[in-house]
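Worksheet: the structure to be examined is printed underneath.
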Amino acid sequence: MTGPSTSMPVAGLVPAPRREPAQADLLVRNAKVFTGDPARPEARAVAIRDGRVAALGDDHDLAHLVGPGTKVVDALGRRVIPGLNDSHLHVIRGGLNYVLELRWDGVRSLRHALAMLREQAGRTPKGQWIRVVGGWTAEQFAERRMPTVAELNAAAPETPVFVLHLYQSALMNRAAVRAAGFTRDTPDPRGGQIVRGRDGEPNGVLLAAPGALILYSTLAKAPALDEADKHTSTRHFLRELNRFGLTSAVDAAGGFQNFPDNYATVMDLAAAGELTLRIAYHLFPQTAGQELADLKRWTETVRPGDGDEWLRLNGAGENLTWAAADFENFSEPRPELATGYETEFENAVRLLMENGWGFRLHATYDETIRRDLAVFEKLAAEGLFPGGNRWLFDHAETVSADSLDRIAALGGAVSVQNRMSFQGAAFLDRYGAEAAAHTPPVRAMLDRGLTVAAGTDATRVSSYNPWVALHWLVTGRTVGGTPLYPASNLIDRETALGLYTRGGARLTGEQDVKGTLSEGCYGDLAILSDDFLTVPEDVIPDIESVLTVVGGRIVYATSEYEGLDEAIPQVTPEWSPVAHFGGYRSGARRVAPSGARQASAVAEAVAESELHRRWRVARGSVPDTTPSFVDPCFEH
């Protein structure tokens with residue numbers, strides 16, 4: 001035999017017909033794909049089949065997956081990323097109220113914000129309130145101030161107006177004070193203050209001192225939506241989140257969110273296949289003194305993991321017992337928690353561990369975190385904690401290095417939010433620049449190998465726009481541009497993106513199927529308006545998705561892709577602020593705005609520019625020279 005045989009006998013065998021690989025349901029091509037997978041960080045095309053990533057590669061590599069039923073999307077060279085995952089978002093509560101709210105998120109001048117309020121007053125029916133509920137701060141306005149009660153009265157003389165500012169305060173016009181039933185005889189609730197004038201009558205200002213219960217309980221007096229409108233409201237809120245490339249969220253429950261009543265809407269939508277965001281939710285005891293009874297009842301009826309890839313129970317929290325909760329109102333001194341709260345808190349944690357429940361825990365200050373860790377360490381000495389259960393601290397703004405080491409030793413994680421981008425100025429005023437420089441110490445968390453996930457804590461403090469949070473992570477600046485962090489507490493853009501994708505997936509135990517664009521993972525992605533990895537820093541907050549995909553479904557589409565997404569019902573009720581103003585306002589950089597929106601954006605930008613000039617003059621930053629409206633070319 002002089003060489004290897006090039007054939008072999010096949011007598012009696014019939015060659016099998018060639019099997020073509022199954023076609024993709026969706027192919028995104030001509031893209032700059034950031035996969036988030038270190039094994040294959042980049043690609044040019046992504047194929048999705050049966051809701052999962054089927055293949056990645058160059059355009060020609062995946063061409064054979066295109067068949068008659070394949071929807072092919074040309075990304076036109078844009079950046080594609082894994083779908084974003086907000087690890088701490090009050091999405092269920094936010095959805096139930098979204099269409100009722102006038103959002104000032106992203107509005108850049110108080111003048112424009114008040115004009116929106118005045119216009120809304122003209123269409124709001126009698127008996128309804130105008131609600132501005134979070135997502136903004138005075139620092140974002142060119143005027144650098146909050147509105148006054150007098151301005152609210154002038155904008156809406158007869159319509160109740162409630163304006164929430166962070167977890168610090170709320171402003172109410174005269175009509176809202178009457179509608180809420182506040183009089184000179186109304187007592188201040190515990191932890192809050194109804195501010196009064198010289199005559200003893202409420203003047204429209206509510207203060208969290210330091211607790212926010214007074215703010216939320218007052219807001220709860222406003223009319224709620226009926227069941228049909230709650231469904232529509234939630235669908236539009238999810239669509240709004242999809243607009244920014246969000247495909248998943250971990251719902252942190254929160255006050256006034258009872259289980260199962262307030263979860264019925266998302267459960268109905270999940271059953272009907274109408275969710276466009278994957279939600280892992282938590283259960284939060286609502287009534288002080290009843291927490292253990294609630295937790296025990298839940299552990300006997302439901303279990304973490306119940307549900308499916310669209311809606312599933314993740315655990316308890318973010319509060320387990322009310323006595324263990326601190327409040328993050330940086331305009332007020334740090335609250336001193338009651339002596340001895342640990343006994344009830346330990347009983348709650350013990351109950352959860354014995355029943356295989358993980359949890360998330362609200363803790364702003366290191367003083368609270370140290371006390372909680374002592375309870376965990378006691379249970380760990382008994383072999384009970386964490387017992388294979390996932391657990392994490394939320395917020396952790398002032399967590400110390402020692403506490404981080406203790407969290408790591410107990411197998412914990414941390415979820416951080418960009419509350420400092422909205423409350424950083426207040427923190428600076430109270431605690432100073434040195435303390436603010438590592439509030440929270442994100443870099444130190446990562447250096448210890450902790451699982452760290454990012455989110456917003458929207459909708460009542462920070463905005464739900466994830467790109468504002470990502471801007472904060474990589475620049476260390478507030479929404480008003482105030483620098484907070486040195487380079488040692490900043491992270492690069494790819495790391496930040498990982499906190500918003502893989503980080504959240506780890507908190508829900510879904511890291512094998514979510515957070516990267518890898519074969520077998522969920523087909524969740526976003527095509528971005530601007531390349532997050534390369535654009536100038538000041539452009540980051542204005543990034544949006546032009547096409548968002550969840551499980552292979554196109555759930556949001558605009559620009560060249562408008563009309564490719566799924567239809568949803570129109571906003572109801574018809575007087576809804578969202579029906580007229582939409583949600584977050586990205587200003588002049590908004591993707592492909594309509595002519596009317598573009599004109600509005602330009603007018604708003606002009607107004608902001610002039611108001612900001614006046615503000616700088618008042619501070620002595622620039623001379624007071626009246627701007628000329630004559631082109632200098634015609635002066636000679």
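Heavy atoms only: backbone and side chains are in, while hydrogens, waters and symmetry mates are out.
- Defined by atom type and a distance below 3.5 Å, a donor-acceptor pair is missing between the side-chain atoms of Arg334 and Thr368.
- Around the CZ atom of Arg174, the shell of radius 6.0 Å holds no more than 12 heavy atoms that belong to other residues, nucleotides or ligands.
- Between Phe422 and Gly135 the shortest heavy-atom distance is CE2-O, 3.5 Å.
- Between Arg131 and Glu101 there is no salt bridge, since none of the side-chain N atoms of the basic residue sits less than 4.0 Å from a carboxylate O of the acidic one.
- The minimum heavy-atom distance linking Val177 with Pro202 is given by the pair CG1-CB, 4.1 Å.
- Remark: Arg196 does not engage Glu201 in a salt bridge, criterion side-chain N to carboxylate O under 4.0 Å.
- In this model, no donor atom of one side chain and acceptor atom of the other lie less than 3.5 Å apart for Asn319 and His362.
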Let me see the working for Asn85 and Ser248 under side chain to side chain donor-acceptor pair (under 3.5 Å), right down to the final yes or no.
CA-CA 4 Å; Asn85 185 350; Ser248 290; 4.5 Å; no
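- Closest heavy-atom contact between Pro210 and Asn329: O-CB, 3.8 Å.
- Between Glu367 and Arg371 no salt bridge is recorded (no basic side-chain N to carboxylate O distance below 4.0 Å).
- Glu344 and Thr321 are not linked by any side-chain donor-acceptor pair at a separation below 3.5 angstrom, with hydrogens and angles left out of the test.
- In this structure, Lys296 places its NZ atom where only 12 or fewer heavy-atom neighbours from other residues, nucleotides or ligands lie under 6.0 Å away.
- The aromatic rings of Phe162 and Trp129 sit tilted relative to each other, their planes meeting at an angle between 30° and 60°.
- If you check the side chains of Glu328 and Tyr365, you find no donor sitting under 3.5 Å from an acceptor.
- Under the 30°/60° scheme for interplanar angles, the aromatic rings of Tyr431 and Phe427 are found to be tilted.
- For Tyr167 and Phe330, the gap between ring centers reaches or exceeds 6.0 Å.
- Residues Phe244 and Glu544 come closest through the heavy atom pair CE2-CG, 3.8 Å.
- When only modelled atom types and interatomic distance are considered, Tyr584 and Glu240 share no side-chain donor-acceptor pair under 3.5 Å.
- For the atom pair CG of Leu164 and OG of Ser169, the computed distance is 7.5 Å after rounding to the nearest 0.5 Å.
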Is there a side chain to side chain contact (heavy atoms under 4.5 Å, CB included) between Tyr464 and Tyr98 once you walk through the steps?
CA-CA 12 Å; Tyr464 50 75; Tyr98 177 61; 4.2 Å; yes
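- Here Phe284 and Phe259 keep their ring centres 6.0 angstrom or further from each other.
- Not a single donor-acceptor pair under 3.5 Å links the side chain of Ser403 to the backbone N or O of Val399.
- Of the N and O atoms on the side chains of Tyr341 and Trp322, not one donor lies less than 3.5 Å from an acceptor on the other residue.
- Between the side chain of Lys221 and the backbone N or O of Ala180 there is at least one donor-acceptor pair closer than 3.5 Å.
- Of the possible donor and acceptor atoms, one in the side chain of Gln140 sits under 3.5 Å from a partner among the backbone N and O of Trp104.
- Side-chain N or O atoms of Thr287 include none that pairs as donor or acceptor with a backbone N or O of Gln290 at under 3.5 Å.
- Under the rule for a side chain to side chain donor-acceptor pair (under 3.5 Å), the partners of Thr124 that lie at least two apart in sequence or sit in another chain are Gln120.
- Relative ring orientation between Phe376 and Phe393 is described as tilted, the plane-to-plane angle lying within the 30° to 60° band.
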Please test Leu484 against Leu428 for side chain to side chain contact (heavy atoms under 4.5 Å, CB included), starting from the C-alpha separation and ending with a verdict.
CA-CA 8 Å; Leu484 297 172; Leu428 279 168; 3.8 Å; yes
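- Here the straight-line distance linking atom CG of Leu166 with atom CE of Met146 works out to 8.0 Å at 0.5 Å rounding.
- Closest approach of Gln128 and Pro160 over heavy atoms only: O-CD, 3.6 Å.
- In summary, Glu143 and Arg145 do not engage in a salt bridge, as defined by a charged side-chain N under 4.0 Å from a carboxylate O.
- Separation of atoms CG (Leu275) and CZ (Arg235) is listed at 9.0 Å; rounding is to 0.5 Å.
- For Thr218 (side chain) and Ile214 (main-chain N/O), a donor-acceptor pair under 3.5 Å exists by modelled atom type.
- The nearest pair of heavy atoms linking Ala469 to Tyr500 is CB-OH, 3.7 Å.
- The number of heavy atoms from other shown groups lying within 6.0 Å of CD (Gln193) is above 12.
- Under the 3.5 Å distance criterion, the side-chain polar atoms of Asn173 are matched with a main-chain donor or acceptor of Ala156.
- Neither side chain, Ser421 nor Thr478, offers a donor N or O lying under 3.5 Å from an acceptor on the other.
- Under the 3.5 Å distance criterion, with hydrogens and angles disregarded, a donor-acceptor pair is assigned to the side chains of His90 and Asp457.
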Would Leu277 and Phe237 count as a side chain to side chain contact (heavy atoms under 4.5 Å, CB included) if you check the C-alpha gap in whole Å, the side-chain angles of each, and the deciding distance to 0.1 Å?
CA-CA 10 Å; Leu277 189 85; Phe237 185 47; over 6 Å; no
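- For the residue pair Glu574/Ser576, the side-chain donor-acceptor check at 3.5 Å is not satisfied.
- Side chain of Asp251 to main chain of Val91: a donor-acceptor pair is present (N/O by atom type, distance under 3.5 Å, no hydrogens or angles).
- Defined by atom type and a distance below 3.5 Å, a donor-acceptor pair is missing between the side-chain atoms of Thr398 and Asp366.
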Pair Ser400, Arg370 - check side chain to side chain donor-acceptor pair (under 3.5 Å), show working.
CA-CA 9 Å; Ser400 65; Arg370 290 200 304 267; 5.0 Å; no
Decide side chain to side chain contact (heavy atoms under 4.5 Å, CB included) for Val250 and Asp86; before the verdict, give the C-alpha distance in whole Å, the side-chain angles of both, and the deciding distance to 0.1 Å.
CA-CA 6 Å; Val250 189; Asp86 191 319; over 6 Å; no
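- The closest donor-acceptor contact from the side chain of Ser233 to the backbone of Val99 lies under 3.5 Å.
- A salt bridge links Asp542 with Arg108: at least one charged nitrogen is closer than 4.0 Å to a carboxylate oxygen.
- Below 30°, between 30° and 60°, or above 60°: for His395 and His88 the angle between ring planes is between 30° and 60°, a tilted geometry.
- In the model, Asn418 has no side-chain atom that pairs as donor or acceptor with a side-chain atom of His471 under 3.5 Å.
- For an aromatic pair to be called close, the ring centres must be under 6.0 Å apart, and His165 with Trp136 satisfies this.
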Given the rule in the side chain to side chain donor-acceptor pair (under 3.5 Å) test, do Asn489 and His438 qualify, once you have shown the distances and angles that lead to the verdict?
CA-CA 6 Å; Asn489 195 29; His438 48 81; over 6 Å; no
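- No side-chain donor-acceptor contact under 3.5 Å links Asp229 to the backbone of Leu225.
- A distance of 11.5 Å separates CG in Leu320 from CZ in Arg360, rounded to the nearest 0.5 Å.
- A cation-pi arrangement is absent between Arg477 and Tyr485, since the terminal nitrogen or guanidinium carbon is not both under 6.0 Å from the aromatic centre and inside a 45° cone about the axis.
- In this structure, the separation between CZ on Arg184 and OG1 on Thr186 is 11.0 Å, given to the nearest 0.5 Å.
- Taking Asp294 as the reference, Arg297 meet the salt bridge (Lys or Arg N to Asp or Glu O under 4.0 Å) condition, with sequence neighbours excluded.
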